[in-house]
Amino acid sequence: MTSTEAKMDLLLDIKGLRIEAGASAVLADGIDLVLRRGEVLGLIGESGAGKSTLGLAALVYARPGCRITAGQILLSGKDIRGLNAKGRRALRGVRVAYVAQSAASAFNPAMTLMQQVCEGPLRHGIMNRKDAEANAVALFKALDLPDPANFGSRYPHEASGGQLQRAMVAMAMSCRPDLLVLDEPTTALDVTTQIEVLAKLRELIRDYGTAALYVTHDLSVVAQIADRILVLRYGKMVETGTTTEILTTPTSSYTRALVAERQAAMSGQGVAGAPRAATVLAVEDVTIKYGTLTAVDRVGFKVGRAETVAVVGESGSGKSTLAYAAVGQIVPAGGGFLFGETPLPPSYKARTADQRRRIQLIYQLPDIALNPRQTIGDILGRPVAFFEKLPRAAVRARVAELLRLVGLPEDFVTRLPGQLSGGQKQRVCIARALAARPDLVICDEVTSALDPLVAEDILKLLKQLQDELGVSYLFITHDLGTVKRIAHRVVVMLKGRMVAEGATAAIFDTPPDDYTRRLLLSVPEMRTDWLDEALKRRDIWRAGPATALA
Amino acid sequence: MKIGGHKVPVTAYIGALIVLLALIAILFAPWVAPYPQTKIVGGVWDPPNAHDLLGTDSIGRDMLSRLIFGGRTSVTIALVATTLTMIIGIGLGFLAVATNKIVDNILSRIIDVMLAMPILIFALMVFAVLGTSIPIMIITISTLESTRVFRLARAVAMNITVLDYVQVARLRGEGVGWVIFREILPNALPPLIAEFGLRFCFTFLFIASLSFLGLGIQPPAADWGSMVHDNAQAISFGGYAPLFPAGAIALVTIGVNLIVDWLLSIHALPSGTGAEV
């Protein structure tokens with residue numbers, strides 16, 4: 001390739017980019033990035049790494065309060081940072097298009113999908129209505145949306161999450177942009193949906209020869225779609241290289257830790273259980289209804305002492321509902337819970353203080369699980385004082401002990417939750433649950449709001465606490481990697497029903513039913529050829545005996 | 001200067017200055033005012049002059065002195081009434097959220113009925129039956145205005161009560177008192193403080209309206225609303241005596257409003273959010 005050809009080939013060239021928020025915060029600094037036509041670059045990093053900010057910079061857009069303060073953004077050799085408002089409008093959607101993380105909140109609920117997908121080409125005067133609609137139908141078809149000719153007449157609420165996400169890709173592609181900025185396009189989707197969206201997205205990008213910036217925190221996902229990867233941390237570039245290089249021979253310690261964390265998540269086979277000890281919690285034929293909708297349908301299993309039982313399922317499977325029923329926040333319509341041998345009253349109001357103490361719940365979002373106006377000392381001291389009725393000095397000593405237990409410094413007692421990081425907040429939540437000296441801790445997606453490395457530390461901590469204190473866990477999660485690392489036993493739920501239950505290793509080795517098998521197949525692995533293999537396996541499986549699954 | 005991580009806007013300084021000057025004048029009325037409020041010092045509706053800086057009123061009393069003493073009555077009654085309004089409104093609003101659906105429904109429906117009636121008409125009705133005195137006025141105003149506060153307090157508490165930390169306290173078995181005072185109230189304070197300022201303005205104007213109608217504070221004590229009423233005739237003769245008390249009402253209302261605007265703007269922008277928000 002000659003140098004002029006190489007220049008023609010160069011689509012996006014960002015040099016020395018710096019983005020600031022307010023007076024002091026630097027969101028991105030010293031970013032250099034090159035993207036050729038048809039190439040996909042994965043932007044990887046934890047929350048706050050500046051990856052979304054960088055993705056938006058390709059549209060010369062900064063979120064309210066943020067400013068691009070230095071650097072060049074060249075699109076096909078032209079500096080687009082210098083464009084005025086009109087020039088930027090002509091650029092956005094036409095040459096560079098954006099796909100947001102949550103399609104459900106990005107669509108206008110009052111317009112049909114067709115109107116919204118055609119809006120770009122019509123507004124920019126690229127196509128007339130007839131061509132725009134034909135173009136949209138072709139995109140719907142390419143993205144494997146149901147009934148492509150009529151799909152556009154639906155309103156956003158009439159499409160599922162995965163369909164909406166694909167419709168959003170269609171919207172972004174409607175003007176045939178040179179560059180697509182994808183901001184965590186599959187993160188909000190269930191794994192079994194994610195694989196479909198990912199496959200179609202990759203196909204479309206290849207067919208249209210579109211270049212893409214793919215923003216995500218998930219190495220396994222980006223491995224399937226990106227040619228090169230750029231690792232970001234604290235707004236700075238950590239490492240860049242081809243996908244294979246980053247996955248197999250990462251050079252920086254941060255990237256190595258990220259890769260190792262994923263590998264650990266992939267390779268685990270569950271925790272081999274000792275013979276099952278006495279039952280702590282028995283779930284007996286629990287049925288929970290919201291009005292006429294049955295959220296949980298006759299689910300029953302047991303949690304033994306010092307045992308971890310994971311309840312796995314996709315969104316809407318009723319797993320969190322089950323957790324809330326176990327603590328008495330929701331009253332089941334049928335069945336019930338036994339604590340050891342004693343039946344538990346359905347509502348927490350009817351339970352004794354001791355029954356409430358013995359089952360503790362840790363929530364998904366530590367940000368809203370801690371009262372922002374109470375110090376850590378007050379947050380941890382209250383359950384101690386409430387349940388054990390100790391004098392003040394003894395409470396203080398116990399709080400210090402709890403902080404030590406979860407690996408936080410003792411001087412945190414005077415801090416407010418706002419002064420802590422996400423991982424530290426979750427540690428405080430764990431300490432608060434332990435303050436009650438519970439027999440069973442229910443963990444509701446405790447790691448899903450955390451960055452992978454922080455989540456790994458939290459899982460290790462939970463495991464270590466189980467060894468030290470002999471506490472049992474009921475682990476609600478959608479992430480099979482988590483299950484593999486921590487669970488003795490697994491319960492798989494689908495649409496409120498329990499479809500599989502057993503020792504983790506057994507379930508993972510020989511999935512007893514179709515849904516569990518499909519779920520296991522859909523978890524992305526951290527190698528570049530996984531998606532092709534998974535699709536092949538899926539096709540074989542689909543061609544096989546007819547299944548009852550919708 | 002920065003408070004709460006945000007720059008204090010100029011308008012807030014202006015508001016604070018107005019409120020501060022008004023407070024100083026009111027608190028130290030006997031020392032600040034040039035004459036006692038009931039002393040007749042000049043002719044009827046004298047224009048402003050070196051002797052009476054803002055002129056005189058309908059029976060020749062010094063306008064400035066009456067304004068300063070009148071402010072005492074107006075502002076004190078408005079403050080007491082607003083405080084009572086907030087206590088009733090917030091108390092009931094939080095109770096509706098922290099207890100159960102039945103209590104919430106009963107309280108909300110009663111308040112809906114109260115909200116359906118115009119405040120001024122309702123107040124006039126009450127005064128017609130019970131007569132006018134300062135305690136009756138304060139209680140009536142607080143009861144009526146608290147229905148508005150109830151709505152806000154209930155909405156704010158509703159948003160907080162669904163958060164996990166409140167659930168944690170409930171599941172632990174904490175009582176209604178703990179949930180209200182330790183979990184909900186501290187987190188609901190910012191919008192409620194702003195509401196206090198806003199409610200003060202409404203109450204202040206409402207009392208002025210009542211006084212103007214002759215139902216508020218009774219003579220010879222001065223208050224700004226009745227001063228407008230007493231001097232209203234001056235307009236017909238080309239005097240501007242009623243403009244001074246009316247202006248004082250407007251000035252204090254604007255001053256408090258400017259501070260409220262600033263308070264609201266602080267809490268509209270959550271500080272310390274993450275880089276990706």
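No hydrogens, no waters, no symmetry mates; every other heavy atom, side chains included, goes into these values. The sequence lines fix the lettering, A, B, ..., with proteins before strands; numbering per chain opens at 1.
Ranking Pro383(A), Gly418(A), Ala353(A) against chain B, the residue ahead of the rest is Pro383(A), based on heavy-atom pairs under 4.5 Å. Note: Asn371(A) leads Ile368(A), Ile379(A), Asn371(A) in heavy-atom pairs under 4.5 Å with chain B.
Using a 4.5 Å cut-off between heavy atoms, Ala369(A) touches chain B through backbone and side chain atoms alike. Contacts of Gln360(A) with chain B are absent, with no heavy-atom separation under 4.5 Å from either backbone or side chain. Looking at Leu370(A), the atoms closer than 4.5 Å to chain B (heavy atoms on both sides) all sit in the backbone: N, CA, C or O.
Ion pair Arg154(B)/Asp104(B) flagged as a salt bridge, since at least one NZ, NE, NH1 or NH2 atom sits closer than 4.0 Å to an Asp/Glu carboxylate oxygen. Salt-bridge annotation for Glu183(B) and Arg170(B): absent, with no side-chain N of the basic residue lying under 4.0 Å from a carboxylate O of the acidic one. Look at Asp378(A) and Arg382(A) and you find no salt bridge, because none of the NZ, NE, NH1 or NH2 atoms lies under 4.0 Å from a carboxylate O.
Scanning both residues, Arg437(A) and Arg357(A), for their nearest heavy atoms gives O-NH1, 2.7 Å.
By the 30° and 60° cut-offs, the orientation of the rings of Phe475(A) relative to Tyr473(A) is perpendicular.
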